[in-house]
Structure formats: C-alpha cells, structure tokens
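Let me begin by presenting the structure, written as structure tokens, before commenting on it.
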Amino acid sequence: MPLRGFDLDVALEVDRGECLALAGPSGAGKTTILQIVAGLHAPEHGRVECHGANWTALPPERRRCGYVFQDYALFPHLSAWRNVAYGIEHSDRRERAHALLERFGLAQRAHAKPAELSGGERQRVALARALAREPHVLLLDEPLSALDVRTRAAAARELAQVLREAHVPTLLVSHDFSEAALLGDRVGVIDQGRIVQLGPPAELSAKPASAFVADFTGANVLTGVATAFRELTRIDLDGGGTIVSTDAASGPVAASLYPWEIVLEAAAAPSSAQNHLAAEVVSITEIGGRARIGLRAGQPFVAEITVAAVHALGLAPGARVTATWKAAATRLTPR
C-alpha cells in the first residue's frame, strides 16, 4: 500500500508469548502496521491472520486486539477502574477491572482519574485496559514515549515483565532502538516501508546488515574505500585517515563501530590496538559516570569513556587525542 511516497511492503509472524519490536525513524510505516492489524487501516493488498483466522475483512470491534496508544487514550472523565472496565462485557467487569489494577500495583488508585495519575500509572492503566478483553494480540505504539526520562527506565522494566506474563503475541513499535532491544525478543528495523533487518537485538548490534542499521543501533559510521591488507582489510577513510577490519570487503564501504569500543589515549601514547586515529575533542557530555566525547578526524565520530578517564586525560574541547580500537570491532557493510 502507498504511504508518504513509498509502498508499505512487510511480512511478519509473531509467536504466542513473543514480543516483536519494530524500530525505525518517524514516517517509516511502523504505526500503520499496527493500524492494519487492528483493522483501523485497510491495506490495498495482503492478509492479516491471527490464530489461524482470517482477520483481513473483520471490522476493528470483532478483532481481539489490545491496543495501547502512544498517548494511552484514557477517558479523562472516568476513574482508573472504569477505564479498565470499559471494554469488558462480562457481568463481573468491576471485579475484573479491580483485579487487573491490583496486578499492576494500582489497587489504591482505582478511583483516581487520569489527570490525578503519574505518567507511569497512566501507562499501567492503559495496559490493564488492553489486557482486560483477554486479547489474542497486543499492540503497543511507542509505549514509553509519553514518560519523562526519570520514569522511563522503571516503566520499561515493569512493561517487560507484563509482556512476559501476558503470553500473547505482542507487536510493539518504537523510534528508539535501545527501547526496542529492551522489550523485544526480536527487533525488526524498518525504513521506507521495508524491514531492512530482523533478528535478536544482539545480532543486529553485532552484525548490522547496512550502514542505516548500524547508525540506527547507535554505532559510529565512517565511510571509505576498502582493499585487502595482509590478513585484514584496510579502509582509506573519506577525509583522511586509515583503519583496518577483520571483515572481508572491497570497494566503497561503511565502517561501523560502537562508541564504547573506543579507547582514548594521549596523542603520542603507544598502544597495542590495531586502529589508531588522530582526532580533536569537540565536545564532552557527562551522563552519570560515563561521558560521550565528540571527536573530529576526517569525519566526526563519538567515543564513550568513563568520567574518571576524562579527568585522567585532562580532556577539554580542542585537545588532541588518539582514538584506538580493535580491528574486530570494525564492522563493514557495502555502500
């Protein structure tokens, strides 16, 4: 189906009890996939099946979907328990709603309205409402994006536990790879309506299929031209500098490496690492006990080291350093 200038063309299967996380930039087609599964968007071609039943022509109200929207979409005039009970058709709807809220640690907040709840509490009410209908599939649209940074880590851990216990197929979308990797058993990176790589999060980080995937998973991406060099591959970088990799490649390549694989040393310090790239410190951003160091060589890149190392090296913008890392940490993809 056409979408913002490109066709959405995906094929996905999610097992019972599995969470498949789709990660990609805004406008890549992630939310549209959820809407197609829920029946809120009709595809021009294709088929939606759940538990062996054909859902393609079913209206949304006949699909057993639990849908958690990005902003949670709670009814502001209803209490927490009434929000949860809204979609329950059983006569014991009140009891079931209270039981679900108790399961989510919200028994004492059952009579509070959404405006009286914290972001994390609203998320849990939305999850309880989604599970109240005993759905055959759970759909989560950017489930953590409405939370502040302080709340997000704890909410992510709670959500991961809920997904393990729900034991239904779960399809989750996020623009944040680290969030998708935390919550998904598998992650599919999507771009321009296509799944460009699908697999366990560790596999995507260790072996990105393209420069796009490497960049999206948080790696530095340096471009250059590769040639064989003894038992390694030599990459002459665009803008100057040379590095090596254990990956075999030839011609124009994208070389990716993660910031935490880089060690910074004084400009003249000796090192046993196979890659040595002279660079200038551009910026220093401390986050807890770690620091992200913006560097400029022929191309910009980032290193992540401890704050203690920053002080030991006396780093400041304008300082000259040598960035070192192992050849095995340099992953190559064609470009």
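Computed from heavy atoms alone, side chains included, the values below leave out hydrogens, waters and symmetry copies.
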**Study point:** Between Glu179 and Ser174: side-chain donor-acceptor atoms closer than 3.5 Å
**Key:** yes
Check your understanding: Is a side-chain donor-acceptor pair under 3.5 Å present for His51 with Arg16?
Key -> yes
[X] atom [atom1], over 12 foreign heavy atoms within 6.0 Å:
{"X": "Gln108", "atom1": "CD", "value": "no"}
{"X": "Glu231", "atom1": "CD", "value": "no"}
{"X": "Gln161", "atom1": "CD", "value": "yes"}
{"X": "Glu102", "atom1": "CD", "value": "no"}

Review point. Is there a chain of hydrophobic side chains (I, L, V, M, F, W, Y, each step under 4.5 Å between heavy atoms) that links Trp81 to Leu127?
Key: yes
Practice item. On the 0 to 90° scale, with breaks at 30° and 60°, tag the His136-Trp55 ring pair as parallel, tilted or perpendicular. Key: parallel
Exercise for review: May I ask you to decide if the ring planes of Phe75 and Tyr86 are parallel, tilted or perpendicular, using 30° and 60° as cut-offs?
Suggested key: tilted
Review point. Mind checking what makes ring-ring contact (aromatic ring centres under 6.0 Å, His included) contact with Phe229, not counting sequence neighbours?
Key: none
Distance-only, no hydrogens or angles: does the [X] side chain make a donor-acceptor pair with backbone N or O of [Y] under 3.5 Å?
{"X": "Arg129", "Y": "Tyr72", "answer": "yes"}
{"X": "Thr333", "Y": "Ala209", "answer": "no"}
{"X": "Arg122", "Y": "Leu117", "answer": "yes"}
{"X": "Asn220", "Y": "Val302", "answer": "yes"}
{"X": "Glu280", "Y": "Leu295", "answer": "no"}
{"X": "Thr330", "Y": "Ala255", "answer": "no"}

Check your understanding: Salt bridge check: are Asp238 and Arg335 linked by an N-O gap of less than 4.0 Å?
Key -> yes
Point to revise | Heavy-atom side-chain proximity of Thr306 to Arg290 below 4.5 angstrom | key: yes
Check your understanding: Hey, mind stepping through Leu12 and Ile195 against side chain to side chain contact (heavy atoms under 4.5 Å, CB included) and telling me if it holds?
Key -> CA-CA 9 Å; Leu12 298 170; Ile195 302 294; 4.3 Å; yes
Check your understanding: Roughly how far, to the nearest 0.5 Å, is the CG atom of Leu40 from the OH atom of Tyr67?
Key -> 6.0 Å
Exercise for review: Go through the steps for Thr322 and Leu264 under the test side chain to side chain contact (heavy atoms under 4.5 Å, CB included), then give the verdict.
Suggested key: CA-CA 6 Å; Thr322 298; Leu264 297 184; over 6 Å; no
